S.K.: 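Below is a structure I'd like to ask you about.
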Amino acid sequence: MELGRGLLFIWILAILSFHHCSSNANARYHYHKKHKPKGSPGKSPVHVPAPPKNSDPPSIPSDPYPNDPGDTTGSIFDVTSYGAVGDGCSDDTAAFMEAWKAACAVESATVLVPSDKVFMITSTIFPGPCKPGLALQVDGVLMPPDGPDCWPKADSRQQWLVFYRLNDMKLTGNGVIEGNGQKWWDLPCKPHRGPNGSTLPGPCDSPTMIRFFMSSNLVVSGIKIQNSPQFHMKFDGCEGVLIEKLVISTPKLSPNTDGIHIGNTKSVGIYNSMISNGDDCISIGPGCLDVHIEGVTCGPSHGISIGSLGVHNSQACVSNITVRNTVIRESDNGVRIKTWQGGTGSVSGISFENIQMENVRNCINIDQYYCLQKACLNQTSAVYVRDVQYRNIKGSYDVRNTPIHFACSDTVACTNITMADVELMPHEGELMEEPFCWNAYGIEETLSIPPIGCLLKGMPHVITESSQYSCSNENGRF
């Protein structure tokens, strides 16, 4: 209760500060048309976040690092001691950088963003390497300039806070990282859906709020991130990431506001968090290995997505992804794999287990014809999708779309799809469409609701063996 009052006070303070400052075509376009199945049956060791033990709800994993970055026995570097004002108007960037530079040289140090203040900083890179155990503790409100007109012209519009080349670092606190996203969403560049079927403007060149780049052994815990101009949090080229007890909150119609995006990143645990936003709740891009997601509640959102993969004929390799004990509600998608035609590589070793759907439009979806416009050309190459398990997926779906949809490449079939204990009922009304399958091979271990009679049995006549569909991570490493 005290925490809730504290956050309310911080938010009121932030508001006051703001006022103060002034063929393939069939698979792509006719998803719900019935078709008869065709064909016959040298650096510091990386600590991997330990998955929670089996429990319902799942237990919060312990910090896997031998030196707790948040250890209060370390030195505290309060940004106000370096000149930060915290009135929501003054530019506190220089003070933050001075505090960071001082803390970076001390083991188990904490850069403190104190409570009851609102700090505005511009686009900033917090570089390493630093001494191990460095923490950025946000207890107040931290925010960027208010919209594109206030953004310094010399600053990057691609990103706001960047953490670069760090090892054993923690981002934590009881405060709020506020993105001031509304004016970015309203830029007249990219259309997005508005209420009652209308179209509203959206972002073109808008910043990601928080980016971790080429870093390892990271912990993000406890903070609230809201109203990002674009993606809330990205991990690029990282290894050993633990995310827990995170709250991400952005309006449903805010465009391109993915909650957590990971790319070329290995050994990731995302646990016990709540994400509501205008795009993918969690998106997993190319080059990701060993990702465990558990105890996450998504919605409204676009669900949990692997992809999109293979854009511009690129290679995409993703393997060993587990999503379990999650809730997805009031979302456009549930669990989805999306790839572009013309790509290569593979998606394998995917497990979706113990997932509750609540009024979700596309609950289970593999789309190998992903395209942002209708003019995409048909191509024969595709990312090979195989070994995907759906177990104990239950709940309700929006009858505007079929709840189960497998649109696989004509030439590179999806194989080894397993369905068990899948029970999806209409949220309102009656079932309008049956599950859809296109060149998808798999089995039903138990009778699904609705029944999935369209999966092809066995394996395709031509098994995908070409080297273009193989990835160097087949044996567990990239």
Side-chain angles (χ1 to χ4, degrees), residues 11 14 123 138 141-151 156-162 171 176-195 198-213 220 223-236 243 246-263 265 270 273-285 293 296-308 311 326-336 338 360-362 370 372:
W11 184 240
S123 179
V138 180
V141 175
L142 182 58
M143 67 180 188
D146 187 18
D149 292 341
C150 297
W151 203 264
S156 169
R157 289 201 174 199
Q158 301 298 316
Q159 54 204 15
W160 176 43
L161 301 182
V162 181
L171 173 61
V176 175
I177 301 181
E178 164 64 47
N180 291 337
Q182 183 66 57
K183 294 178 182 179
W184 294 96
W185 307 332
D186 291 341
L187 289 176
C189 301
K190 183 177 180 181
H192 64 281
R193 291 177 305 160
S198 62
T199 299
L200 296 176
C204 45
D205 193 8
S206 305
T208 291
M209 275 185 74
I210 302 170
R211 183 187 183 203
F212 290 91
F213 182 45
V220 180
I223 58 174
K224 182 174 183 180
I225 308 171
Q226 61 189 30
N227 299 321
S228 177
Q230 202 173 60
F231 287 23
H232 287 77
M233 183 175 291
K234 293 178 69 175
F235 294 84
D236 298 317
I243 301 170
L246 194 67
V247 176
I248 292 177
S249 178
T250 294
K252 179 179 181 179
L253 297 179
S254 58
N256 300 105
T257 52
D258 290 44
I260 300 170
H261 175 78
I262 58 176
T265 294
I270 304 174
S273 297
M274 301 186 68
I275 303 173
S276 58
N277 60 316
D279 211 302
D280 291 338
C281 168
I282 300 172
S283 56
I284 300 170
I293 300 168
V296 173
T297 298
C298 291
S301 71
H302 291 186
I304 297 176
S305 293
I306 298 174
S308 60
V311 65
T326 65
V327 176
I328 301 176
R329 58 168 61 105
E330 305 294 334
S331 296
D332 282 4
N333 299 284
V335 290
R336 172 167 65 157
K338 51 182 179 178
V360 175
R361 288 191 66 173
N362 302 284
Y370 183 73
L372 298 179

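Here the structure is a predicted model, which is why all the values come from computation and not from measurement.
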S.K.: Is it true that Asn227 and Glu178 share a donor-acceptor pair across their side chains at a distance under 3.5 Å?
M.R.: yes

S.K.: Exactly one of Asp258, Asp332, Ile275 should register a side chain to side chain contact (heavy atoms under 4.5 Å, CB included) with Asp280. Which one does?
M.R.: Asp258

S.K.: Identify, with sequence neighbours excluded, every residue that meets ring pair (Phe, Tyr, Trp, His ring centres under 6.0 Å) alongside Phe212.
M.R.: Phe163, Phe235

S.K.: Kindly write out the residues that satisfy side-chain contact (heavy atoms from CB on, under 4.5 Å) with Lys183, not counting sequence neighbours, or none if the list is empty.
M.R.: Asp146, Pro148

S.K.: For Thr326 and Val335, what are the C-alpha separation, side-chain angles and deciding distance, and is it a side-chain contact (heavy atoms from CB on, under 4.5 Å)?
M.R.: CA-CA 11 Å; Thr326 65; Val335 290; 5.9 Å; no

S.K.: Quick one: list whatever passes side-chain contact (heavy atoms from CB on, under 4.5 Å) with Val247, sequence neighbours left out.
M.R.: Lys224

S.K.: For Tyr370 and Lys338, work out which heavy atoms get closest and say how close.
M.R.: CE1-CD, 3.8 Å

S.K.: Taking Asp205 as the fixed residue, which of Gln158, Gln230, Arg157 is the one that meets the side chain to side chain donor-acceptor pair (under 3.5 Å) rule?
M.R.: Gln158

S.K.: Please determine whether side-chain contact (heavy atoms from CB on, under 4.5 Å) holds for the pair Ile304 and Cys298, giving the CA-CA distance in whole Å, both sets of side-chain angles, and the decisive distance to 0.1 Å.
M.R.: CA-CA 8 Å; Ile304 297 176; Cys298 291; 4.0 Å; yes

S.K.: Identify, with sequence neighbours excluded, every residue that meets salt bridge (Lys or Arg N to Asp or Glu O under 4.0 Å) alongside Arg211.
M.R.: Asp236

S.K.: For Ser276, does its backbone N or O pair with a side-chain atom of Ser249 as donor and acceptor, under 3.5 Å?
M.R.: no

S.K.: Just so I know, are the side chains of Val176 and Leu142 near enough to count as touching, which here means a heavy-atom distance under 4.5 Å?
M.R.: no

S.K.: Please check if the side chain of Thr208 supplies one atom and the backbone of Ile210 the other of a donor-acceptor pair under 3.5 Å.
M.R.: no

S.K.: Applying side chain to side chain donor-acceptor pair (under 3.5 Å), can you list everything that pairs with Ser331, at least two apart in sequence or on another chain?
M.R.: Ser301

S.K.: Measure from the side-chain N and O atoms of His302 to the backbone N and O of Gly278, and report whether any donor-acceptor pair falls under 3.5 Å.
M.R.: yes

S.K.: Which heavy atom of Gly179 sits nearest to which heavy atom of Pro144, and what is that distance?
M.R.: O-CG, 3.5 Å

S.K.: Evaluate the side-chain proximity of Met209 to Pro229: yes if any heavy-atom separation is below 4.5 Å, no if none is.
M.R.: yes

S.K.: Is Val220 close to Ile260 at the side-chain level, that is, under 4.5 Å between some pair of heavy atoms?
M.R.: no

S.K.: I'd like to check Ile177 versus Trp160 (side-chain heavy atoms, cut-off strictly below 4.5 Å). Are they in contact?
M.R.: yes

S.K.: What residues, two or more places apart in sequence or in another chain, satisfy side-chain contact (heavy atoms from CB on, under 4.5 Å) together with Thr257?
M.R.: Trp185, His232, Thr250, Ser254, Asn277

